[in-house]
Amino acid sequence: MPAPAGTKRVKGVSIYRPFIFGSIAKLIDPASRPANINADHTHQWTIYVRPCPTHPDLSYFIKKISFKLHETYTNSLRTVEAPPFEVTETGWGEFEVQIKLYFVPEANEKPQTIWHHLKLHPYGEKAEEQREKKEPVVSECYEEVVFNEPVETFYDLLTSSGGPVGRGKGSKGSKQASMGGKKAGQEERVAELPFNGTYSQKEEGKELDRLGQAIKTVEQMVKEERRKLEEREKTLADLKSEDGSTVKAR
Ligand code: SLL
């Protein structure tokens, strides 16, 4: 039975989209402390999900992002429907933030959840120095959202929108490998990440490895089918010749 419209998946394909998530926090300066903030609050912070500089748009596949703050905050579930996907607050304590990425309806994908530990206090080797200088505390991670066997409409969207830097309408991602057929007048589809920048090169390499693996699997399947076909042809030829000899013998 054919799959209902919008649910047919592109087999053997995984598409990766990079992003950065994290937080930045700074001590509230008593001299410029806004009057309306809680007396216990020591820091102002922002928690965010941002695009990678080389892949600057998230909004063509992310519909909204929710940030679940500690329950000591009023309206602790904060939902951001458009970029910049971030929440700024003041507070006194560190806690785990649940970040939920919701995809556009075409994706037909469930939301994905990540966790971030909101850092207010300097940590690591240079903690002491940072504390003295009152430097902002940044805690950041690189992540990728992986779409395994995306539905066809979403595959089209992913590979034709929001490409890497410099890939505007009509421009060609010359060095990038493309997947899927390119029809006349159609923009080149790009499943890979941009080729400039540390992350993207690594990710492009991974993507190419996966493609290479998929090609090998398909080649193996073709070989196997060919072998079966030859076997059947041989059996058929044997049957025919047996038949012929029976006829001749009569
Ligand atoms: C801790 N487990 O004990 C953590 C909880 C809660 C942080 C941290 C603001 C609260 C408010 C705030 O900073 N909550 O506005 O009342 O460190």
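Just so you know, ligand 1 is whichever comes first in the structure, and atom 1 is the first atom listed for that ligand.
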Starting from atom 17 (O) of ligand 1, locate the nearest protein heavy atom and write down its residue, its atom name and how far away it is, to 0.1 Å.
Glu94 O, 3.7 Å

So does Glu152 pair up with Lys11, basic N to acidic O under 4.0 Å?
no

Is there at least one pair of N or O atoms, one from Trp92 and one from ligand 1, spaced under 3.5 Å apart?
yes

For atom 6 (C) of ligand 1, what's the nearest protein heavy atom and its distance?
His70 ND1, 3.4 Å

His41 near ligand 1, heavy-atom distance under 4.0 Å?
yes

Test of understanding: with ring pair (Phe, Tyr, Trp, His ring centres under 6.0 Å), list the residues that count as partners of His117, not counting sequence neighbours.
none

Aromatic contact between Tyr73 and Phe95, with the criterion being ring centroids under 6.0 Å apart: yes or no?
yes

Heavy atoms only: which of Thr72, Leu120, Leu118 lies closest to atom 14 (N) of ligand 1?
Thr72

Verify the cluster assignment for Tyr155 and Ile62: are they in a single hydrophobic cluster under the rule of side-chain heavy atoms below 4.5 Å apart?
yes

Ring centers of Phe147, Phe103 separated by less than 6.0 Å
yes

Need the ligand 1 atom indices (1-based, order shown) with element for anything under 4.0 Å from a heavy-atom of Gly91.
13 (O)

NZ or CZ of Lys63 within 45° of Tyr102 ring axis and under 6.0 Å:
no

What residue and heavy atom of the protein are closest to atom 12 (C) of ligand 1, and at what distance?
Tyr73 OH, 3.4 Å

